[in-house]
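Only one structure is covered here, and it is reproduced in the block below.
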Amino acid sequence: MSTSWADSVANSQTENAAATGSFENNASSRAPRTTYVPPHLRNRPASSDPPAASNSAPSQAGTGYGAPSTGSRWNGNSRQDFGRPGYGSGSSWNSSRGRGWDRGREREVNPFGNDDDAEPSFSEQENTGINFDAYEDIPVETSGSNVPPPVNTFAEIDLGEALNQNIRRCKYVKPTPVQRHAIPISLGGRDLMACAQTGSGKTAAFCFPIISGIMREPNIQRPRGTRTVFPLALILSPTRELSSQIHDEARKFSYQTGVRVVVAYGGAPINQQLRELERGVDILVATPGRLVDLLERARVSLQMIRYLALDEADRMLDMGFEPQIRKIVEQMDMPPAGLRQTMLFSATFPREIQRMAADFLSDYIFLAVGRVGSSTDLIVQRVEFVHEADKRSHLMDLLHAQKENGTHSKQALTLVFVETKKGADALEYWLTSSGFPATSIHGDRSQQEREYALRSFKTGKTPILVATDVAARGLDIPHVAHVINFDLPNDIDDYVHRIGRTGRAGKTGLATAFFNENNTSLARPLADLMQEANQEVPAWLTRYASRAYGGGGRNRRGGGRFGGRDFRRDTSYNRGQDYYGGANSSGYGAAGGYGGAGGYGPGVSSAWD
DNA sequence: AAAAAAC
């Protein structure tokens with residue numbers, strides 16, 4: 001079994017390598033994206049490390065990075081913990097972290113591949129592709145007591161040289177808005193509920209403070225002589241692929257910091273994950289089911305957890321996931337709120353979910369980062385009335401048009417969302433039978449198939465991916481030019497997450513939805529969302545919307561505001577009292593909301609990830 | 001009603 005798994009990884013790597021040649025300059029450096037690297041592929045020879053990865057700390061101190069004035073702060077008058085000998089040099093990092101991590105025979109795999117020297121253009125394309133100018137005037141709202149002020153550069157944050165170097169390797173020039181606000185809050189030790197957009201560096205926003213915080217406590221003593229491992233940080237996400245993606249990102253950020261990141265999720269052989277855990281783990285990235293398994297086997301203990309992060313937190317706390325999350329957070333051995341630091345990230349935070357989430361938080365700060373204008377400026381949204389029976393032929397028309405347009409290429413991927421797993425299989429079969437290069441991803445496929453499909457899509461081998469909502473949230477897939485809602489979801493939030501797979505990294509995107517009489521409950525929130533996004537709303541859709549089917553769509557959740565509003569401001573919650581006393585808006589608009597720019601109509605959540 | 005998430 002493990003052989004076939006390893007083979008599949010090897011195969012996908014081969015495939016990825018093969019794609020490099022035909023994919024111009026942007027595929028090879030994505031090799032480290034491979035979701036799971038088995039041990040026998042992990043120990044690359046030292047010669048594969050790029051020069052920049054060497055441990056010559058002196059040569060890197062403050063080299064032209066941001067404001068150099070603070071460059072010496074980290075190594076100089078730093079906090080007591082930093083006095084540890086050899087800090088910042090991976091070679092001295094052993095006693096308290098994973099055994100053998102730094103031994104020559106188990107060198108840390110360089111997650112940056114070789115793109116430091118060879119292919120700088122990739123990183124520019126993928127990492128600085130973020131349109132920072134578009135982020136300048138973003139409305140930001142914070143509430144809670146004593147909110148730490150935002151920062152404007154990475155350099156003015158005391159993250160540590162090793163982490164700063166990785167930030168440079170990632171080609172992150174300056175922090176995105178969510179990073180500017182969230183990182184100081186987290187470094188200040190505060191709990192956080194943040195509404196933020198994944199494409200703008202959300203993962204980094206919770207990873208940087210965690211990694212930095214762990215680096216500052218190099219001598220944490222953990223129980224020994226047991227097979228149980230004691231991670232210091234736990235990052236939970238709702239899908240395996242998203243956990244895998246977070247793991248890949250976190251590994252880049254923690255390269256040569258001595259901080260070990262391990263991922264655990266279902267569908268993959270548990271033994272390899274156990275071996276990884278035994279080698280030491282500081283940050284555990286996991287999906288809930290597999291984590292519960294590991295906890296019940298007593299292979300993982302949460303008693304040393306200092307940091308808890310929930311990505312896509314509203315999904316993690318919705319009906320399907322809540323019991324598992326409560327079990328993990330409240331019924332195992334994790335320190336309670338207040339004794340750990342908890343960070344919840346999501347785009348949409350329905351009031352009910354916020355209320356529930358407050359159980360996991362202690363004196364938290366609420367942070368909402370919006371976009372000027374509409375949240376989906378970069379995405380052109382179209383809605384077409386298509387009867388159920390006509391959907392396939394209509395889809396084919398669209399795909400044929402793309403093909404003739406020349407947009408049907410490896411650089412222009414098309415993501416087709418359907419409502420059911422069966423529907424995904426059927427549509428994939430129909431598309432491939434019709435000569436379209438398509439594959440599919442959904443929860444009834446094996447993990448191997450899922451990861452192969454995602455890779456095949458990303459590399460352009462099959463530029464059409466049929467997906468259920470498993471692919472709706474968080475996944476960062478470059479070059480998705482078109483998202484087609486073959487079946488519209490019932491929840492406007494899901495729509496928002498789905499179309500957010502395109503229009504990323506400063507690129508424009510197109511989102512087409514097939515609407516018919518089965519989607520009437522979505523008419524109003526959809527029309528409102530599109531209007532707020534300055535999209536053309538068909539007259540027929542407006543008519544459907546005005547009929548107010550289904551009691552107004554999902555007003556029940558949004559409560560009349562977009563997702564980014566602190567529920568503690570609700571009068572029903574604080575009963576006329578100024579509950580938290582420390583409300584402030586960071587210089588943007590009135591405290592009451594967003595008014596025009598970035599705001600949404602009744603019942604519509606924000607269009608963030 | 002569906003999807004996701006352990007074996």
Side-chain angles (χ1 to χ4, degrees), chain A residues 1-2 5 35-36 234-247 263-274 277 284-300 310-329 331-332 346 348 353 388 415-428 440-451 453-454 465-475 485-498 501 516-522 549-550 553-554:
Chain A
M1 187 198 218
S2 62
W5 177 262
T35 48
Y36 182 76
L234 176 63
I235 300 172
L236 292 172
S237 96
T239 67
R240 298 163 181 176
E241 286 76 15
L242 185 53
S243 278
S244 176
Q245 178 179 297
I246 294 166
H247 171 244
V263 68
Y265 53 77
I270 198 168
N271 283 336
Q272 304 200 21
Q273 293 173 2
L274 288 172
L277 289 169
L284 178 58
V285 184
T287 48
R290 176 56 59 92
L291 177 61
V292 168
D293 189 5
L294 292 168
L295 291 169
E296 287 175 346
R297 295 180 189 216
R299 298 301 296 263
V300 170
L310 301 191
D311 200 3
E312 307 293 346
D314 60 334
R315 171 62 85 232
M316 303 302 284
L317 296 174
D318 79 5
M319 278 196 347
F321 272 118
E322 190 211 339
Q324 273 181 303
I325 300 302
R326 281 204 187 274
K327 177 168 188 175
I328 291 167
V329 177
Q331 290 156 34
M332 304 305 288
S346 184
T348 46
I353 303 284
E388 213 59 44
L415 181 50
V416 184
F417 280 105
V418 296
E419 199 56 20
T420 67
K421 294 177 281 199
K422 235 177 107 177
D425 279 336
L427 189 57
E428 179 200 6
S440 71
I441 185 168
H442 62 70
D444 273 355
R445 301 200 76 187
S446 72
Q447 191 54 28
Q448 222 169 335
E449 290 172 322
R450 284 165 58 159
E451 291 178 16
L454 193 54
L465 179 67
V466 182
T468 59
D469 272 332
V470 69
R473 282 177 175 252
L475 295 186
N485 274 293
F486 187 87
D487 300 319
L488 271 166
N490 295 315
D491 186 323
I492 192 67
D493 279 351
D494 292 333
Y495 171 84
V496 154
H497 285 281
R498 287 178 178 187
R501 296 316 100 206
N516 61 36
E517 56 282 342
N518 295 325
N519 311 114
T520 49
S521 69
L522 198 69
Y549 287 88
R554 48 176 307 278

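Residue numbers begin at 1 in each chain, while the letters A, B, ... track the order of the sequences.
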Among [options], which nucleotide sits nearest the side chain of [X]?
X: A:Val470; options: B:dA6, B:dA4, B:dA1; result: B:dA4
X: A:Thr239; options: B:dA2, B:dA5, B:dA6; result: B:dA5
X: A:Glu419; options: B:dA6, B:dA4, B:dA2; result: B:dA2
X: A:Gln324; options: B:dA5, B:dA6, B:dA4; result: B:dA5

Below 4.0 angstrom from OP1 or OP2 of [N], is there any side-chain N or O of [X]?
X: A:Lys422; N: B:dA2; answer: no
X: A:Arg498; N: B:dA3; answer: no
X: A:Thr468; N: B:dA4; answer: yes

Rounded to whole Å, please give me the gap between [atom1] in [X] and [atom2] in [N].
X: A:Ile441; N: B:dA3; atom1: CD1; atom2: P; value: 14 Å
X: A:Arg315; N: B:dA3; atom1: CZ; atom2: C1'; value: 8 Å
X: A:Asp318; N: B:dA5; atom1: CG; atom2: P; value: 13 Å
X: A:His442; N: B:dA3; atom1: NE2; atom2: P; value: 9 Å
X: A:Leu294; N: B:dA6; atom1: CG; atom2: C1'; value: 9 Å
X: A:Ile328; N: B:dA5; atom1: CD1; atom2: P; value: 13 Å
X: A:Phe321; N: B:dA2; atom1: CZ; atom2: C1'; value: 13 Å
X: A:Asp487; N: B:dA3; atom1: CG; atom2: P; value: 11 Å

May I ask you to say what [X] touches in the nucleic acid, namely base, sugar-phosphate or nothing, with a heavy-atom cut-off under 4.0 Å?
X: A:Gly320; result: base
X: A:Arg297; result: nothing
X: A:Arg240; result: sugar-phosphate

Legend entry - SB check A:Asp493 A:Arg473 (cutoff 4.0 Å):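 Here A:Asp493 does not pair with A:Arg473 in a salt bridge, since their nearest N and O are not under 4.0 Å apart.
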Legend entry - Test: A:Asp469 and A:Arg498 ion pair at under 4.0 Å: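 A salt bridge links A:Asp469 with A:Arg498.
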Legend entry - A:Glu451/A:Gln447 under side chain to side chain donor-acceptor pair (under 3.5 Å): CA gap, chis, key distance, verdict: CA-CA 6 Å; A:Glu451 291 178 16; A:Gln447 191 54 28; 2.8 Å; yes
Inset, instruction - Please identify each residue that fulfils ring-ring contact (aromatic ring centres under 6.0 Å, His included) with A:Phe321, with sequence neighbours left out. - result: none
Inset, instruction - List for me each residue that meets salt bridge (charged side-chain N to carboxylate O under 4.0 Å, His left out) alongside A:Asp425, sequence neighbours excluded, and say none if there are none. - result: none
